[in-house]
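Notes for the one structure printed next.
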Amino acid sequence: MQQDLAQLEERSAYILRAALSRFDNVAALWSMGKDSTAMLAVARKAFLGRVPFPVIHIDNGIDFPESYAFRDEVARKWGLKLLIAESEIKPEMSGFSCCGSNKTEALKRLMDEHGFDALIVSIRRDEHGIRAKERYVSERDRNFRWDYKNQKTEMWDGYSKAKDGGHMRIHPLLDWNEIDVWNYTKRNKVPINPLYYSSGGKRYRSLGCTHCTSPIRSGAKSIDGIIRELGNTRTEERAGREQDKEKKYVMEKLRALGYM
Amino acid sequence: MITKRIVLLGHKDHGKSTLIGNLLIATGSASKERIEEAIGASAVAGRFEPAMLLDSFEEERNGGLTIDSTRAQVEHEGAILEFIDVPGHEELVRNMINSASYADVALLVVSARRGERITAQTKRHAFIAAMLGIRRFIVAINKMDTVGYAKSSFDGIRKELDAFLERVSGQWDAEFIPISAYRSKNLKGRAREMTWYKGPTLLDALAEPSASRAGDAMDELRIMVQGSMQQGKRTLLLGRVASGSVHVNDSVKLLPSGNYSVVASLFAGSRRRKSTAVHGNVAIGLKDDAAAAYEDDDGVVIYKKRTEVDSVSMFRARLFFSAELSRINEADVAINGARVHAKIRITGVIDASTGSAMHRTDRLYLNAADAEIALDRPMCVEPFGRFQELGRFLVYTKGEFAGFGIVSSTS
């Protein structure tokens with residue numbers, strides 16, 4: 001469903017500004033995917049042309065070559081302060097263990113080192129039933145666990161701070177739908193990772209790393225093509241993501257353990 | 001399309017999640033995967049449960065209850081209707097008010113089934129929504145299939161709730177619609193079983209343009225300052241124009257300090273502007289870099305110089321308690337992003353399930369109370385009826401959320 005972009009952008013900019021003012025040390029996750037890149041574009045508007053917080057790439061060394069090139073190009077163009085959380089992938093790892101513990105551990109180390117108390121994550125409610133349960137500002141404990149049965153109240157945008165050793169996840173794009181991200185990207189000429197465009201009859205609709213993401217059949221070679229294609233599909237965005245399919249409640253478990 | 005937020009209210013098991021589930025199906029808004037997944041999850045129940053489209057936690061599905069709110073969107077007649085499903089359980093009122101605070105419309109679900117009907121929780125939810133300033137109520141009288149679609153069942157519930165809403169809400173309008181959420185009656189299409197009902201279907205009623213919330217019918221300037229940033233050597237205040245408009249060179253008054261200044265520069269969407277055309281996020285520089293003095297202040301609001309509003313430290317309010325308290329003398333209150341310690345004197349307790357005054361004053365939990373609040377330092381506080389955003393606050397005791405308050409008067 002295509003929502004009003006001005007309404008969404010205002011709301012997201014408001015949340016980003018609230019986070020920067022409420023928390024002491026804020027960073028953002030940047031996967032070089034469409035959502036976190038759109039979030040950075042909103043931040044540039046909210047903070048007069050620059051991104052005032054460092055961006056973290058959790059790098060397990062097996063991201064797509066296109067993603068690394070895109071990362072370096074955008075980071076240079078936008079003057080981003082890029083931090084790399086390096087995680088090492090082992091051959092026996094897949095799905096749950098890879099996204100669950102491996103990436104999370106790398107991020108944990110980096111966050112401890114820098115003492116971040118808030119982390120901006122560009123998830124959207126329409127991605128997954130579990131994500132629809134998220135708050136704009138959501139607490140994670142010292143071990144990155146999400147106590148989803150006991151979430152903090154954030155009535156009227158009254159955000160709380162995390163208890164000792166934990167951090168808050170900030171979700172500025174929570175209200176957006178997949179199609180909104182594309183419309184926003186188009187209207188604001190936000191740079192886009194080329195993997196989203198069709199090549200050899202296939203394109204990526206959702207980007208993870210090379211091990212767990214598979215492309216969909218598509219001829220969409222432009223943003224307009226993607227927007228048209230989304231208007232006609234009834235398939236879920238994350239159908240190409242391994243971890244969601246493996247088992248019932250796997251997303252719930254991953255998120256409870258700190259997955260982004 | 002503008003998104004309209006609709007919070008589902010009502011007693012547990014009166015069918016809130018089932019209703020949204022079937023609205024998603026009726027409007028073709030649920031993906032094939034999501035429906036298949038929900039069918040799989042329904043196996044426990046032995047029949048397809050549309051609620052499984054909403055209740056995604058393992059504990060929710062196995063227990064057949066909603067633990068925390070979720071949202072789902074449908075498109076109807078050129079509007080996006082965003083449904084906010086909330087838990088109906090008493091002990092989860094905290095999660096319910098959290099979600100209801102973001103809603104434009106309240107959709108109250110009441111079961112017509114014998115033995116269910118209007119409960120204390122139904123009324124409590126309606127009471128809270130009215131307190132939050134929601135004016136538009138759609139009352140879906142559900143499970144009409146269990147009473148043979150009888151008009152008399154509908155009329156009885158309607159009459160009682162109408163009288164209750166009249167008592168607890170100053171300004172409201174309500175539409176009562178007989179439905180069967182499980183059998184998809186009167187959701188999108190008209191139900192042949194209830195030809196006696198001549199009003200709109202549920203989706204049509206929800207998509208109708210509705211009255212704005214209480215207290216946003218003014219156009220005096222209010223810029224809610226969120227923080228600040230450096231631009232070169234100058235400090236800019238970051239904020240949101242919530243009401244009125246502002247121009248470069250305007251004389252302004254900053255509260256709570258009460259200082260005057262002049263707008264030197266103005267930015268919106270990272271571009272320099274001469275004035276603001278619409279409400280929204282801005283950055284503001286003040287003459288002689290006066291903004292630097294407010295860098296560390298919380299809860300700053302910018303008014304026009306000639307405003308009659310001043311900061312206050314004493315005011316009257318109605319409170320609602322979601323924490324198990326029997327008395328309260330002090331608390332931290334959060335207004336517009338600032339937290340201030342306050343002394344609280346309760347002057348009367350109101351039973352939220354009847355709307356009547358209580359003789360005992362020690363039953364604060366899940367009830368409301370009228371109180372006098374004395375802040376440790378003056379803040380920007382306005383009556384809720386004049387300007388909502390400064391007329392509402394959150395209450396914390398021992399660092400934990402305990403409830404919320406609505407400012408009734410500041411004089």
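All values below were derived from every heavy atom in this structure, side-chain atoms included, with hydrogens, water molecules and symmetry-related copies excluded. Below, chain A is the first sequence line, B the second, and so on; all start at residue 1. Keep in mind that this is a model prediction, so the values were computed, not measured.
More than 12 heavy-atom neighbours from other residues, nucleotides or ligands sit within 6.0 angstrom of CZ on Arg234(B).
A salt bridge is absent between Glu324(B) and Arg94(B): the closest approach of a Lys/Arg side-chain nitrogen to an acidic carboxylate oxygen does not fall below 4.0 angstrom. We find that Arg205(A) and Glu229(A) are not joined by a salt bridge, their nearest charged nitrogen and carboxylate oxygen being 4.0 Å or further apart. Using a 4.0 Å cut-off between a side-chain N of Lys or Arg and a carboxylate O of Asp or Glu, Arg142(A) and Asp164(A) do not qualify as a salt bridge.
For Gln7(A), the part lying under 4.5 angstrom from a heavy atom of chain B is the side chain only. Contact annotation for Ala283(B): both backbone and side-chain heavy atoms come within less than 4.5 Å of a heavy atom of chain A. Interface remark: Leu238(B) contributes backbone and side-chain atoms alike to the contact with chain A (heavy atom separation under 4.5 Å). Looking at Ala6(A), there are no atoms closer than 4.5 Å to chain B (heavy atoms on both sides), in backbone or side chain. Asp157(A) touches chain B through backbone and side chain together, each having a heavy atom under 4.5 Å away. Proximity to chain B is limited to the side chain of Arg50(A), based on heavy atoms less than 4.5 angstrom apart. If you measure heavy-atom distances from Gln231(B) to chain A, the contacts under 4.5 Å come from the side chain alone. For a residue to count as touching a neighbouring chain, one of its non-hydrogen atoms must lie under 4.5 Å from one of that chain's; by this rule Arg339(B) touches chain A with the side chain only. Of the two parts of Lys161(A), neither the backbone nor the side chain holds a non-hydrogen atom closer than 4.5 Å to a non-hydrogen atom of chain B. Only the side chain of Tyr396(B) has a heavy atom closer than 4.5 Å to any heavy atom of chain A. Looking at Glu295(B), there are no atoms closer than 4.5 Å to chain A (heavy atoms on both sides), in backbone or side chain. There is no contact between Val278(B) and chain A, counting heavy-atom distances below 4.5 Å.
Of all the listed residues (Arg240(B), Arg271(B), Arg71(B)), the one sharing the greatest number of non-hydrogen pairs under 4.5 Å with chain A is Arg71(B). When Lys152(A), Glu10(A), Arg44(A) are compared by the number of non-hydrogen pairs under 4.5 Å with chain B, Glu10(A) comes out ahead. Counting heavy-atom pairs under 4.5 Å between each of Gly280(B), Ala268(B), Gly399(B) and chain A puts Gly280(B) at the top. For the set Leu5(A), Val42(A), Asn177(A), the entry with the most heavy-atom pairs within less than 4.5 Å of chain B is Asn177(A). Contact count versus chain A (heavy atoms, under 4.5 Å) is highest, among Glu75(B), Met229(B), Gln73(B), for Gln73(B). Note: Gly269(B) leads Ser228(B), Gly269(B), Gly227(B) in heavy-atom pairs under 4.5 Å with chain A. Between chain A and the options Asn336(B), Ile335(B), Ile97(B), Leu236(B), heavy-atom pairs under 4.5 Å are most frequent for Ile97(B). When Arg17(A), Lys45(A), Glu9(A) are compared by the number of non-hydrogen pairs under 4.5 Å with chain B, Arg17(A) comes out ahead.
Within the 3.5 Å criterion, the main-chain N or O of Gly166(A) finds no donor-acceptor partner in the side chain of Glu139(A). A distance-only check finds no donor-acceptor pair linking the side chain of Asp117(A) to the backbone of Phe23(A) [under 3.5 Å]. Remark: side-chain polar atoms of His171(A) are not paired, donor with acceptor, to backbone N or O of Arg124(A) under 3.5 angstrom. Side-chain N or O atoms of Asn25(A) include one that pairs as donor or acceptor with a backbone N or O of His114(A) at under 3.5 Å.
For the pair Arg11(A) and Tyr136(A), the distance from NZ or CZ to the six-membered ring centre is under 6.0 Å and the angle to the ring normal is within 45 degrees.
The shortest distance between side-chain heavy atoms of Trp182(A) and Lys34(A) falls below 4.5 Å.
If you check the side chains of Asp175(A) and Gln3(A), you find no donor sitting under 3.5 Å from an acceptor. At a cut-off of 3.5 Å, with distance as the only test, no side-chain donor of Thr3(B) or Arg5(B) sits close to an acceptor on the other residue.
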